[in-house]
Amino acid sequence: MPKYSKHCFSFFPFLLFSYVLIGFTIKLETASSSGLYGTRDSTRLMYNIGVIVDVNSNMGAMANICLSMALSDFYAKHPSYETRLSLQRWESLGAVAAAPAVGYLPQTSAEASFAIQLGDNLSPSYSPLLIRTTMPDFSRLAEATVSTLEMFEWNKVTLIYEDMEFSNSIIPYLTDALVNKDIQLSHKIAIPIFAEDFQILDKLEVLMSSQSEVFVVHMSSNLASRHFVVANKEGMMGKGFAWLVTDGLSNFVDTMDPIAIDSMKGVIGLRPYVPKTRALKNFRTRYKRISSMKQNKAATKLNLLGLWLYDIVWGLGMTVERIGNVNSGFLKEMNDRTWLIGILNPSFRGISGVLDLVNRQFQPSVFEIFNITGKRNRVIGYWTSDQGISKNNNSTSRNTPRILQAEEPTRAKWTIGVPSKKGFNEFVNIRSGNKSNDDELPGFSIEVFRKVWDFALPSATSYEFVNINGTYDDLCCQVKYQKIHAAVGDISIVASRTNCVDFTLPYLETGVAMLIKVRHNGPKDMWIFLKPLCWDLWLVIIAICIFIGIVVRVLERRENTEFNGSARKKLSTILMFPCQSVAIPQRDMVVTNGSRLVLVVWIFLALISMQSYTANLSSILTVNQLQPTIPSIKELRKSYVGYQNHSFVKGFLINQLGFQESMLKPYCSVDDYQEALSKGSENEGVSAIFDEIPYIKLFLAQYTTGYLMVGPTYRTDGLGFALPIGSPMVANFSRAILNFTQGKYMNSLE
């Protein structure tokens with residue numbers, strides 16, 4: 001055997017007994033004559049079949065027992081047959097070149113490749129018959145796999161397969177089947193045949209970083225055993241991940257290591273359906289007894305390939321008996337197709353069930369879908385090419401959607417991390433364990449996420465929330481380390497966090513501003529009414545009033561008796577007339593045209609002065625009462641300032657505004673803000689609080705007086721959701737956010 005035979009994959013169904021090549025030549029001249037391919041003794045015609053198998057390997061020992069049992073059982077039931085099959089066993093590939101008729105049981109990937117080429121390149125003079133007892137044509141397996149994915153509503157999958165030529169052949173079949181069902185094949189991961197555990201771990205880490213959740217595994221049981229143990233250690237076999245394995249592994253689940261089986265709980269499997277008949281039960285019992293009698297410890301537990309070998313020998317025995325009495329000339333003219341039709345026409349039924357012959361390859365007609373639950377696997381459905389998936393394996397069973405119900409770990413449930421907040425619950429007000437359909441008031445950010453989830457993943461499975469203690473940076477790191485699938489909440493999009501996560505588009509625009517307490521500079525005396533105008537303006541107005549009074553007195557002295565009289569009356573008229581004309585205007589106050597002209601000019605000037613006075617007085621009584629307690633940012637650096645606890649604003653104040661860390665104080669809620677600002681920096685409080693605008697608006701909505709948002713607004717990129725770097729779901733969520741924020745629901749939530 002080759003030097004790498006110690007790595008043989010004795011459990012791999014696509015390699016084991018991949019081909020049976022039979023050559024037939026009949027010698028009819030004499031009873032004692034012998035031929036190269038077969039002989040006729042005095043009573044029977046012998047057909048030689050060459051088999052290359054390593055009987056010291058687990059699979060080879062099992063195959064050898066099944067072949068012997070098949071010959072013994074067949075001719076015990078048909079003792080009168082005039083033909084006989086004779087098995088010629090070799091243990092090396094070197095004998096194949098000289099062997100006229102061979103069946104080969106490969107033990108390594110290199111030997112499997114050799115067997116493939118052997119069937120294609122043997123000389124036509126040997127006229128071999130090639131029957132494949134495994135499934136290099138994966139069309140039915142691919143259809144069954146995709147039907148199962150569709151039934152569980154898994155619309156995006158990752159293919160994990162063994163990196164060898166034989167395993168690669170499933171890719172085109174699976175790709176075509178996925179395209180036909182509109183299921184996305186997001187990744188294809190090839191694992192080397194001799195991969196160590198750390199190499200498997202590297203591949204899994206790539207998948208975890210890409211947010212993959214549904215996996216189709218197509219590999220040998222030997223490699224898969226280690227693969228699932230590593231995946232289980234990394235937490236990929238629990239909630240949030242779904243696994244589906246093909247028959248390359250499913251056929252040998254019962255023979256796998258208990259640790260590997262325990263790691264695979266909840267996995268969905270596909271394998272050819274073997275009906276549980278009395279004949280099968282009897283065969284299993286006899287196999288176990290014979291294996292024990294021979295004390296063959298190398299023989300593995302009976303599996304599907306052993307049953308197929310048993311059935312093939314029976315099929316060949318029936319065929320050679322049907323054609324055994326024809327003449328040799330006619331026999332030489334028979335081609336492979338004629339032989340195969342003789343063996344399986346139209347299908348072959350054995351103890352392993354019904355096998356169809358498609359393109360010279362055996363194809364199972366029914367696949368069994370089961371759920372690995374531990375010691376016993378639970379069957380959850382069947383697949384046939386004509387009916388699809390059904391609950392019962394019979395012709396009257398209808399294809400009913402949603403009959404498949406697997407164990408809980410097979411459902412892809414997202415774990416969503418949310419910040420653990422003591423304040424500002426208007427944004428996030430949710431606790432660990434809350435499900436996607438909880439009816440409480442979860443906060444603005446969670447409501448947005450729920451709406452966006454419906455847009456992005458309308459058919460996806462559910463999710464649950466988990467509170468993460470610490471800063472928002474710690475929350476994002478949980479996504480990076482695959483502790484959670486995504487981070488949701490009032491998470492600000494900042495450059496420092498992009499090393500851990502990819503952000504969606506912002507669902508809310510923000511910016512950093514300053515919140516301060518303002519002082520009242522209102523009037524403290526009764527002379528506030530004089531402040532709208534300066535003293536020199538007051539003197540000018542008084543002078544103009546006296547001047548207008550004198551001018552009108554001079555113009556009206558002869559015509560208007562109101563301006564005549566004693567000196568005291570004349571003085572009072574001069575002083576009171578300008579004020580009276582504005583405050584209590586009368587029609588006949590003056591009689592001369594000159595006085596009327598002067599009066600019009602005076603009233604116009606008086607109205608302008610009164611409007612200016614009113615505006616200034618209003619300003620003094622309102623706006624000028626609120627004065628910032630801080631003149632500038634430069635002077636603010638000498639005082640204590642606050643920020644929201646766990647927020648990125650702390651780093652912003654230190655790195656961009658130049659504040660000392662010792663002068664910064666964290667606060668958690670609106671009430672904490674109010675208390676700190678009320679005390680002031682001198683009394684263990686703060687002079688100002690820096691925070692994002694949405695939080696400041698919430699504060700001002702509760703405390704409407706005495707506080708003000710001032711200063712420049714420092715731009716940020718808004719609030720978004722965090723997903724793993726490279727996750728394809730970032731684009732889905734971003735598109736959903738655009739659809740949501742530009743729709744009618746966003747305004748109602750705000």
Side-chain angles (χ1 to χ4, degrees), residues 419 421-424 426-428 445 470-477 487 489-501 503 506-519 626-703 706-720 722:
K421 296 174 68 71
K422 296 181 180 179
F424 295 102
E426 292 83 358
F427 282 92
V428 177
S445 297
T471 66
Y472 285 80
D473 292 340
D474 295 336
L475 177 61
C476 292
C477 288
D490 49 343
I491 305 173
S492 299
I493 302 174
V494 292
S496 61
R497 294 172 184 166
T498 57
N499 296 324
C500 298
V501 295
F503 284 100
Y507 62 86
L508 185 65
E509 298 294 336
T510 64
V512 177
M514 182 171 60
L515 176 67
I516 62 171
K517 182 178 177 62
V518 294
R519 61 173 178 262
L626 301 177
Q627 290 293 335
T629 55
I630 309 163
S632 65
I633 293 290
K634 183 177 181 180
E635 295 188 17
L636 185 61
R637 294 192 182 99
K638 303 175 184 179
S639 304
Y640 288 102
V641 298
Y643 64 93
Q644 185 180 164
N645 194 23
H646 302 321
S647 171
F648 79 97
V649 175
K650 177 181 179 180
F652 172 81
L653 294 174
I654 296 173
N655 299 325
Q656 297 192 32
L657 298 186
F659 283 86
Q660 297 295 322
E661 185 174 0
S662 60
M663 304 301 291
L664 304 179
K665 294 184 177 182
Y667 298 99
C668 296
S669 65
V670 168
D671 294 335
D672 292 343
Y673 282 14
Q674 191 273 335
E675 182 180 357
L677 289 172
S678 298
K679 292 180 178 180
S681 183
E682 298 81 7
N683 299 313
E684 298 183 352
V686 294
S687 298
I689 290 179
F690 285 86
D691 206 347
E692 294 178 273
I693 293 176
Y695 305 104
I696 296 179
K697 288 183 177 180
L698 284 176
F699 178 90
L700 295 176
Q702 185 170 341
Y703 296 95
Y707 303 92
L708 195 64
M709 183 172 63
V710 297
T713 298
Y714 302 95
R715 181 180 176 276
T716 62
D717 291 325
L719 305 182

### Task
Taking the side chain as every heavy atom from C-beta outward, state whether L636 and M514 have any pair of such atoms under 4.5 Å apart.
yes
### Message
Please find the pair of heavy atoms, one from P666 and one from N645, that lie closest to each other, and give the distance.
### Response
CB-OD1, 3.7 Å
### From Q702 atom CD to D671 atom CG, the distance as rounded to the nearest 0.5 Å
5.5 Å
Counting only pairs under 3.5 Å, give me each side-chain donor-acceptor contact of residues 491-501, with atom names and distances, residues two or more places apart or in other chains.
unit_1	atom_1	unit_2	atom_2	d
S492	OG	E692	OE1	2.7
S492	OG	E692	OE2	2.8
R497	NE	D473	OD1	2.6
R497	NH1	S492	O	2.8
T498	OG1	A495	O	2.6

### Query
Roughly how far, to the nearest 0.5 Å, is the NZ atom of K697 from the OG1 atom of T510?
10.5 Å
### Task
Would you check if the distance from the ring center of F427 to the ring center of Y695 is below 6.0 Å?
yes
#### Entry: Contact summary for S687 and I516, nearest pair of heavy atoms
O-CG2, 4.0 Å
### Task
Please check if any side-chain donor atom of K679 sits under 3.5 Å from a side-chain acceptor atom of Q674, or the reverse.
no
### Task
Decide yes or no for L664 and I654: does some side-chain heavy atom of the first lie under 4.5 Å from some side-chain heavy atom of the second?
yes
### Query
Testing L653, T716, T471 for side chain to side chain contact (heavy atoms under 4.5 Å, CB included) with F648, which one passes?
T716
#### Entry: Closest non-hydrogen atom pair between A722 and C476, with its separation
CB-SG, 4.4 Å
### Donor-acceptor contact present, side-chain D474 to main-chain G470, <3.5 Å
no
### Query
Any chance the rings of Y703 and F699 have centres within less than 6.0 Å?
yes
### Task
Can you measure from OG (S681) to NZ (K517) and round to the nearest 0.5 angstrom?
14.5 Å
### Query
Between S678 and Y707, which heavy-atom pair has the shortest distance, and what is it?
OG-OH, 3.0 Å
## Note on the structure
One should read off an interatomic distance between L657 CG and I633 CD1, to the nearest 0.5 angstrom, of 6.5 Å
#### Entry: Test side chain to side chain contact (heavy atoms under 4.5 Å, CB included) applied to T713 and I693, step by step
CA-CA 8 Å; T713 298; I693 293 176; 3.5 Å; yes
### Task
Answer whether the closest heavy-atom distance between the side chains of V649 and Q644 falls below 4.5 Å.
no
### Query
Does the side chain of S647 reach to within under 4.5 Å of the side chain of F690, using non-hydrogen atoms?
no
### Task
Might you point out which heavy atoms bring M663 and K638 nearest each other, and give the distance in Å?
CE-O, 3.6 Å
### Message
Are P694 and L508 packed together at the side-chain level, in the sense that at least one heavy-atom pair is separated by less than 4.5 angstrom?
### Response
yes
### Query
Any side-chain heavy atom of L677 sitting closer than 4.5 Å to one from V686?
yes
### K422 NZ to S669 OG distance, which is reported to the nearest 0.5 Å
10.0 Å
### Query
At their closest point, which heavy atom of L475 faces which heavy atom of A487, and how far apart are they?
CG-CB, 3.7 Å
### Task
Run the ring-centre check on Y673 versus F424 and record whether the distance is less than 6.0 Å.
yes
### Summary
Interatomic distance, NZ@K650 vs NZ@K665, rounded to 0.5 Å, equals 14.0 Å
### Query
Centroid-to-centroid, Y643 to F652, below 6.0 Å?
no
### Message
Are more than 12 heavy atoms, taken from residues, nucleotides or ligands other than Y472, located less than 6.0 Å from that residue's OH atom?
### Response
yes
